[in-house]
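Below you'll find the structure, written out as C-alpha cells, and then a few comments.
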Amino acid sequence: MIVRSQIVYSRLCAIVRELAETVGRTARSRGLTEGRRYAAAVLTGAPQLAAQVQFGPEHAYLVRDSAATVLDRFAFNLFDGDVVIVGDPYSGGSTPQMLTVVAPLFFEGELVLFPAVRAQMADLAGEFPGDLHPFAAETWQDAVRFTPLKIYRHGVLQRDALRFVLRNSRAEKIVAADLEAIVAALRASCAALVRLMTEHGRADVETAVASAIAHSRRVAAADLEARFGGRDETAEATIPGAGGAVPLKVRVAVGPDGLTLDLAGTGSDPSGPFNMTPGQVKGYGLVAALAERLDEIAFNDGLLQLVTATAPKGSIADPVLPAATGLSDALTGHRLAALVRRALGLAERLDGPAPAIVAFRPIGAEENPPVALDLAFPLAAQGWGPPVLAGRRTMPSAEEMEARERLVVLGREFDETGAVRAAVRNDRMPLEANFFLPQAADGATAGSFTLTAEGATRPLESATIVPIAEGGLVEITYPAYGTRADG
Amino acid sequence: MAHWNVGIDVGGTFTDLVAINEHGEIRATKTPSTPDQSDGVINALARLAGELGEDLSAFLAGLPMIVHGTTVATNALLEYDGARVGLITTKGFRDEIEFRRSYKESVFDPRLKPPHPIVPRRSRLGVSERVDFKGNVLTPLDEDEVRAAVADLKAQGVTSVAICYLFSFVNPAHERRTAEIVREMMPDAFLSLSCDVLPEIREFERVSTTVVNAFVGPRVHAYLSHLESRLREKGFGGELFIIQSNGGVLSADEAGRYAVNTLLSGPAGGVTAGSFLGTMSGHDNLITVDMGGTSYDIALIENLRPAVTTESWIGRYRIALPMLDIHTIGAGGGSIAWVDSGGALQVGPASAGSYPGPACYGRGGTRPTVTDANVVLGLLNPDFFLGGEMVLDKAKAVEAIRREVAEPLGLGVVEAASAIIDLVNNNMANATRLVTTKRGHDPAAFALVAAGGAGGIHAGKQAEELGIRTVIVPALAPVFCALGDNVADLKISESRTSIARLDQLDFEAFNEVFQEMEARARKRLSEQSIVKSFETRRSLDMHYVGEVHEVTVPIRSRTRRITKLNLDATLNDFHVLHERLFAHKDVKQPVEVLTLRLDLIGIRERPRMNAAEFGEEDAAPALKGHRPVHFAVEPTIVPVYDGGRLKPGNFILGPAIIEQWGTTIAVYPGHECLIDAYGNVIVEIGQGGAAG
C-alpha cells in the first residue's frame, strides 16, 4: 500500500511539473518566461496543498491561501469549468500584480483535487506601470485589488469579467496572452487529474495525497528536530520604513511540532511598501529553516503545517488595509530569512536584495507594457551565482534585449570586489523608469545606480518617473554578498 | 571475400562491435573497454577478424569504413580533463559563462558548489569591438588589444582558444580576423569560433558551447588522429567516421574540428539503431530505452526521426547545438533501495556501480539494489549473469533486502523486492511519460524498444504502466549502439539566427540564408565518398512574439525556394504543433522566426539485413528448464528459454523468461511474444494489462 501510494503520488507530482513547465514555456511576459515569477500547484478540496512546483518563499503558502479565499468566497457556487482569479494582498496574497488562477475540478460531484497557478502579471494598474513602486503608501498605488472573480463560468468565458481585468492593465495584450496560457495549462492539468483519478480510483488518490502530506511533515519535522530541537533564539534588524527605521524582530523556536515564529516587537509602517502578509512571513521562515532539504522533500501541506507565526496586528509582519506590500519580497523577506537563519545558527546566507529598475514609456500612454531591467544579479554569499532568494530567474540575453527591445547592454562583468557592474543604453525611445535601491542590513545601500543623459552623469537612489532620454545610459552595480569563487 | 561495414561503440565497461556484410551476415563482439579507447577498438577488430579466421591486417585492408561511437569528449567534459582554454570576447562580457544566465542546478541549496571553471577568469579576455544586431560595426576590432590578449593567453600556457563576440552570428568578420591573428601568434593552438560552432542568438548559450568545443576539441582531435594512425599502421585502408550527437556520422577529420558535436556520440548510436529497427519492424513511432547499471536513457522517435533538442546541459555546461534528445535518469540495475527517515521506500538515484556493485555481486556491497531484487524475485538467473561469466550470490541479495528494506518496512523479503521493482519501474515509466508528454504525445501510441542489459526485464511492466502494446527487445540489444553506428547516415546541421516576424518576412534574404547554409553543408559533405544521395530538411524555430521558447517547425517545400505558400503552410503547422505541445494556440497572435535550421543528410547504402523464413511456432526446442518467479507473493513456475536457440516464428505465451547473452527478457503473465524474422523479440501486451 505504501509503495502504491508513492506511485500514485509521483504521478500527481508529474502533473504539477508539467503544469509549471507549460506555463513557463507559453506565457508571453518576461516576468513569467525569464523571471519565472509563478508557482503551480494542485490542491485538495479542503484546501490542502497536494503538490507544488516553484515553491520559493514568495509563493510557498500563498497558492493555498489564495485558493482558500476563492473557496470561501464562492463556497457552494463553484462548478466544473469555472476559472477564478484572485489577486489581493488581503485575500491570501502578498505583493500586488500577482494573480492566483484557480480551476475547480469536480470528480464524482466533489471537489477532490484541482490545479492552481499563481503568477506575476505584467501590469495591473497602480500608480505606475509594472510592479515597482519604491514609495507606495497604499496598496492601490501598487495595483488594483482583485478579490475572487470568475473569468469562466461552467467553461464559458465571462467576457465582462475578463474585460474588467484587462482594462485595468497598461499591458492588456500581454496580460491577456499570459492568462490564456495559464488557463490552457490548467485545463490540461484538470484532464490529467481526471485520468489519474479514473485510473487509480479516487480513494487511492486521496490516500496517496494524505500519505504524502503526512510523510513530508514527518521527514521535515524530524529534520528540524534533529538540527534545531529545543532551540529558542531571538534575532532582530530594521527595515527602512517611510517614517524611519522599523524594528523587525523574530523569536524562533523549534519543537516537535515544527517551527514557531513570534514577531512580537516588530514595528509598523502603515505608509511604506515593505509590509509583508502573514503567509509571506511563514514562507520565508519555512524556506530559511529548510532550504538545504527542500530539493529532497515533497513540497506539500505537510511542510506548510510545520510553521506557525504570530505578529502584532498592524505591524509590517501583519499589516492592515490599505498598507502597501509591494517591496516585501524585495527587502523584508530577505531580512526576515536572514534573521531566522541567524536564530537557528545557520551560517550559509540565503538573502541578498538586489537593485531593481522598471522602465516604461512616459506616463500617459494607454498601452504601456513595462520592461524590467534585470540585467544581472548580486553575487551570493556562497561566492557564485545569485542568492537563493533570487529564485529561478533567468538573466536576460543581451543580444535579445538589443534585437527586440533596442536596449543595448554595453557590458556586465564582475568587478574586483565581486560586484557585478552592468550598463545599458536606451536606443528605443524616450523612457521613464522607477528605481529601487535596497538598504543592506548595515544600513548602507546595496548596489548603486548612475544615469548619464545629455552629457551629465548623476547617481540615483530609489526614485520614480526618472526620464531616460534616447541614448541615455544607466549603470547598475549589483552588490557582492560574498567573495567570488575564482577560477 | 565478404566486405564488412563495422560499427564500434566504446562504453564505460565494454567496447561493442557490430559488423554487417553485403550478404546481410551480422557479427557482434564485446570486449572490455580500455583506458586508451583505441586499444579497445583494435581488440574488438582483432577478435572479429579472429572469429572470421582472418589476419587482422588483411581484414582491416578489406574494410571500406569504420563508424565509431566514442566517449572521449564526454569523459573529457565530465572529468574536466580537457585542454587549457582561453576565451577572447567582446569587452565587458567575459563573465557570461560564469553568470550562466543565473542558472543553478539546485535553487535552494546554499551549499551547492560552483561548476568547475573550464576557462578560468584570468584566461577570459575582453577586447574592444562591437557589432550591432544588424551586423553594423559600431566599434572596429582593436587588433592591438587582440594581439595583447593572445600574447597573454600564450604566456598562460593556453593551448586552445575560443572566440565569441556579440552578434558574430550576423557579422563574423571580427571573429574571423581575430582567428587569423591567433593563428599567426599561436599556430599550434586549437581554435573554436562561435560563428562556426553555433551561429545563433543568445550569447551565453553560444559562448558556453564554443568554450566546451575548445575544451574537448584537442582531446578528441588527438584521440581520433591516434586511432586513425594506429588503424593505418595495422593496414586499415578505408575511412573512419564518427557518430555525432545529432545522430549522423561525419569523417573523423570533420568530427575533430567540431568536437562538441560528439558529446553524445555513444548513446546516439542506440537511438539511431532504434530508428533503423522501426524501419525493419514497421513501427514508425518508438520510444527507445536503455537500462544499464547506473542510468536509464530514454529517447523518442517520431515518424522514424529521433527527437532533437537544443536545450542540453552536459557536465554542468550548456550545449545549445541540436542533439538527440536523450533523457537520462539515475535508475539502473545498480540503483540502491533505501528507506528514508519518513518510512518511505526510495530507489536511487545513488548507485552501487560496478564496484562494489549490488550485494549479490559478492564484492563487498551490502546495500540492496534493483539487480538484487531481480535475483530475489527469480527474474534474473544467478547462474547465468552475463551468459554465465559471472555467478551471483542470491543469499547476499536476500540478506541485503531483508536488513535494509523488508525489516524497516515490516514486509517479507519477496514483498520488499517486489516493492523495489514496482518503484523503479514507476520511476522509469514516469520519466518516459514526461519525455513523451512534453512533446505532446501519448506514450500509448508508441512501441517500446528495450536495449541495455537490464532493459528486457523491466520493459514489459513499464509498457503496462504506459499503456504501450508492443515491446521490442532487439536481437542485438547488448550491442545496440554499435548497430546504430553501422546504420547511421551522414548529417550536417546548420543554423542561422534571423529574427523576423513571419508577416514581415523578406523572402529574398530568407532564401539566401537557406542557400548559403545548404552550400556550406554540401561542401562539407561533398568529400565524403560514402554518400549515395542527399536529403535536405529545412525548419524554423518559431514562437508567438514574446515567448522565449521556440517550437521547431519543419518547412513543407518540395523545392529549394521557399515561397509564401510554403510559409503559410508552415505557420499553420506551427499553430497545430503549439497546441499539441502546450494545449493552446492563438492564430491572431503575431509569430516570429528566430532561427533557420537546415539538416543535410548524406544517405548511405542501407546495410542488408537478411530476413529468415518463419518456422514452427513451438519454442520447445529452445526450452532450457523451469524456475520459480515471483510475479506476485506466491511464485509461479515458468519456462525458461535459451534466447540463442529461439528461431523466427517461435511464439511464447507468458509468463516465461528468455535468457540470452547480455540480457534477460521477462514475458509477464498476460503478455506473449514472437521471434521476428531478424531475431528480435516482439512482446505484445494485452489490452487491460496483465493478470499478474
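These figures come from a predicted structure and were not determined experimentally. Labels below follow one simple rule: chain letters A, B, ... track the order of the sequence lines, proteins then strands, and each chain is numbered from 1.
Heavy atoms of B:Asp132 lying under 4.5 Å from chain A belong to its backbone as well as its side chain. Only the side chain of B:Gln589 has a heavy atom closer than 4.5 Å to any heavy atom of chain A. Looking at A:Leu410, both its backbone and its side chain come within 4.5 Å of chain B, counting heavy atoms on both sides. Only the side chain of A:Leu294 comes within contact range of chain B, with at least one heavy atom under 4.5 Å from a heavy atom of that chain. Using a 4.5 Å cut-off between heavy atoms, A:Arg406 touches chain B through its side chain atoms alone. Heavy-atom distances place both the backbone and the side chain of B:Arg94 under 4.5 Å from chain A. Interface residue A:Ala181: backbone and side-chain heavy atoms are both found under 4.5 Å from chain B. Proximity to chain B is absent for every atom of A:Val183, based on heavy atoms less than 4.5 angstrom apart. Looking at A:Phe414, both its backbone and its side chain come within 4.5 Å of chain B, counting heavy atoms on both sides. No part of B:His116 comes within reach of chain A, as not one of its non-hydrogen atoms sits under 4.5 angstrom from that chain. Residue contact with chain A, scored on non-hydrogen atoms closer than 4.5 Å, is absent for B:Lys588.
Partners of B:Phe167 under the ring-ring contact (aromatic ring centres under 6.0 Å, His included) rule, at least two apart in sequence or in another chain, are B:Phe169.
Other residues, nucleotides and ligands contribute more than 12 heavy atoms inside 6.0 Å of the CZ atom of A:Arg36.
Listed options A:Ala214, A:Pro396, A:Ala185 were ranked by heavy-atom pairs under 4.5 angstrom with chain B; first place goes to A:Pro396. Heavy-atom pairs under 4.5 Å with chain A peak, among B:Ile118, B:Leu594, B:Leu345, B:Val551, at B:Leu345. Chosen from A:Asp295, A:Leu379, A:Ile174, the residue pairing most often with chain B at heavy-atom distances under 4.5 Å is A:Asp295. Your options are A:Glu180, A:Glu34, A:Arg187, and the one with the most heavy-atom pairs under 4.5 Å with chain B is A:Glu180. Contacts with chain A were tallied for B:Leu434, B:Val545, B:Asp340; B:Asp340 has the most, counting heavy-atom pairs under 4.5 Å. Ranked by heavy-atom pairs shorter than 4.5 Å toward chain B, the options A:Leu32, A:Val287, A:Leu389, A:Thr394 are led by A:Thr394. The candidate with the highest count of non-hydrogen atom pairs below 4.5 Å against chain A, out of B:Ile499, B:Leu409, B:Thr437, is B:Thr437. With respect to chain A, the highest number of heavy-atom pairs below 4.5 Å among B:Glu579, B:Glu465, B:Lys91, B:His543 belongs to B:His543.
Of all residues spanning residues 102-113 of chain B, those with a heavy atom less than 4.5 Å away from chain A's heavy atoms are B:Ser102, B:Tyr103, B:Lys104, B:Glu105, B:Ser106, B:Val107, B:Phe108, B:Asp109, B:Pro110, B:Arg111, B:Leu112, B:Lys113, arranged by number. Residues of residues 217-225 of chain A that come closer than 4.5 Å to chain B, counting heavy atoms only, are A:Arg218, A:Val219, ordered by residue number. The interface of residues 21-31 of chain A with chain B, defined by heavy-atom distances below 4.5 Å, comprises A:Thr22, A:Gly24, A:Arg25, A:Thr26, A:Ala27, A:Arg28, A:Arg30.
A donor-acceptor contact shorter than 3.5 Å is absent between the side chain of A:Glu399 and the backbone of B:Ile201. In this structure a side-chain-to-backbone donor-acceptor pair under 3.5 Å is missing from A:Glu400 to B:Arg202. With hydrogens and angles ignored, the 3.5 Å screen pairs a side-chain donor or acceptor of B:Glu203 with a backbone N or O of A:Ala398.
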Run the side chain to side chain contact (heavy atoms under 4.5 Å, CB included) test on B:Asp422 and A:Gln6 for me, step by step, so that the C-alpha distance in whole Å, both residues' side-chain angles and the decisive distance to 0.1 Å come before the verdict.
CA-CA 10 Å; B:Asp422 285 349; A:Gln6 282 180 253; over 6 Å; no
Derivation of the salt bridge (charged side-chain N to carboxylate O under 4.0 Å, His left out) call for B:Arg130 and A:Glu402
CA-CA 12 Å; B:Arg130 188 74 188 244; A:Glu402 181 175 334; 2.9 Å; yes
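Taken to the nearest 0.5 Å, the OG atom of A:Ser10 stands 8.0 Å off from the CZ atom of B:Arg433. Summarising the geometry, atom CZ belonging to B:Arg100 is positioned 5.0 Å from atom CH2 belonging to A:Trp384; distances are rounded to the nearest 0.5 Å.
Counting heavy atoms from C-beta outward, A:Glu413 and B:Arg121 have side chains that approach closer than 4.5 Å. For the pair A:Met395 and B:Phe204, the minimum side-chain heavy-atom distance is 4.5 Å or more.
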